[in-house]
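Note sheet for the following structure.
Since the structure is predicted, the reported quantities are computational estimates derived from the model, not experimental observations. Counting begins at 1 with the first residue of the sequence.
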Amino acid sequence: MTILTIVLMAMTTWFTRVAGFMLLRERTLGPRVRAVMEAAPGCVLITVIAPHFVTTNPADILGLAIALLAAMRFSLLPTVLISVIATAVLRALL
């Protein structure tokens, strides 16, 4: 079930990107729309990690702190990779 969920999430992400490209390829985006499009990935990341703000699991809290520090220093992909790896290691150790 986990693999199916991951595959479906990946397909949905791919579809939304392709659909967005197909719908907007002939248009010139204004600065306001461009700013919204650039902020969208960060907003999605926040919705994924937001439930961990209310956890009492020390591994998740430390993983969240590492994710926040990484987000201040790196772009989205390295931040996600660092966060996932750090949280996995912390969960295994704690």
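No continuous path of ILVMFWY side-chain contacts below 4.5 Å connects Phe15 to Ile6, so the two sit in separate hydrophobic clusters. Both Leu24 and Val33 are part of a single hydrophobic cluster, where members link through side-chain heavy atoms under 4.5 Å apart.
Taking the side chain as every heavy atom from C-beta outward, Leu90 and Ile66 approach each other to under 4.5 Å. Side-chain atoms of Arg73 and Thr79, non-hydrogen and from C-beta on, never get closer than 4.5 Å to each other. At least one side-chain heavy atom of Leu94 sits under 4.5 Å from a side-chain heavy atom of Leu62. A 4.5 Å side-chain heavy-atom check between Thr12 and Met9 finds every atom pair outside the cut-off.
In this structure a side-chain-to-backbone donor-acceptor pair under 3.5 Å is present from Thr16 to Thr13.
Here CE of Met11 is found 6.0 Å from CG of Leu8. Values are rounded to the nearest 0.5 Å.
Applying the 6.0 Å contact sphere to CG of Leu93 captures more than 12 heavy atoms from other residues, nucleotides or ligands.
When all heavy atoms of Ile61 and Thr55 are compared, the pair lying nearest together is CD1-O, 3.5 Å.
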